[in-house]
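Please read these numbers as outputs of a predicted model, since none were measured by experiment. Along the sequence shown, residues are numbered consecutively beginning with 1. All heavy atoms count here, side chains included; hydrogens, waters and symmetry mates do not. Remember, it's 1-based here, ligands and their atoms both numbered in the order they're listed.
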Amino acid sequence: MRRTLTTTFLAVTAAVALTACTASGQQDEEFISAEENTTSARTPAGADDGDDEIEVTLVDAENKQVGTAWVEDDDGAVQVEVAAGGLPPGFHGFHFHTVGECAADSADPTDPAKVGDFLSAGGHVGGDMSDHGAHPGDLPSLLVDSSGSVDVTVRTDGVTVEELLDDDGTALMIHADRDNFAHVPERYAPSGPDEQTLKTGDAGDRIVCGVLAQ
Ligand SMILES: [Cu+2]
């Protein structure tokens, strides 16, 4: 289902771009051939099409597309543009998660007793290397405007595109809540934040997910 959505989106995008550059008399013919080519040649998201940009379809828990992200190498760092709509206004936690699988109502691979939307994507990339706020997969939070839209570009040198495209892929995740980056002042937590906060930043449920895969 996800694959079909991505393919259709790519086909339309390519066809529109091609049509714009084509003499008017040939538009219909070019549209058809562009669609056929795209469908067969660009099935895998991120397939090499001459540039290294990976297009990521962002879906909600009903598997409805709510946006698109574009991930690319930026001189050894990773640049992510995300454009989405229909989201709750305000700040939302935004991270790379370890497994490129966005299944609603799924089990957490590290703790199968836990089931919820997009738990199949596992924890934050590099979550076992440090506390949250310094995870390699941590990203700047998204600020969704009052209309429910967001269109921002962020950059991190905590990971490389190659690491994101490992065997099990990676998921790009938007959470329901604000991310506190495990930054909890001592007056609230004299012995430091608890394990949950150190792991997740209390960003809450997972509401939008997108797969990065080879
Ligand atoms: Cu996350």
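Each ring pair (Phe, Tyr, Trp, His ring centres under 6.0 Å) pair with one or both residues in residues 143-181, not counting sequence neighbours, appears once here: H95-H175, H97-H175, H132-F181.
In summary, the side chains of D202 and T197 do present a donor paired with an acceptor at a separation below 3.5 Å, with no hydrogens or angles considered. Defined by atom type and a distance below 3.5 Å, a donor-acceptor pair is missing between the side-chain atoms of E81 and W70.
Of all protein N/O/S atoms, those lying under 2.8 Å from the Cu ion (ligand 1) come to 3.
Between D74 and R155 the shortest side-chain heavy-atom distance falls below 4.5 Å. The side-chain heavy atoms of S141 and F94, taken from C-beta on, include no pair separated by under 4.5 Å.
When atom types are taken as modelled, the side chain of D111 and the backbone of D108 share no donor-acceptor pair closer than 3.5 angstrom.
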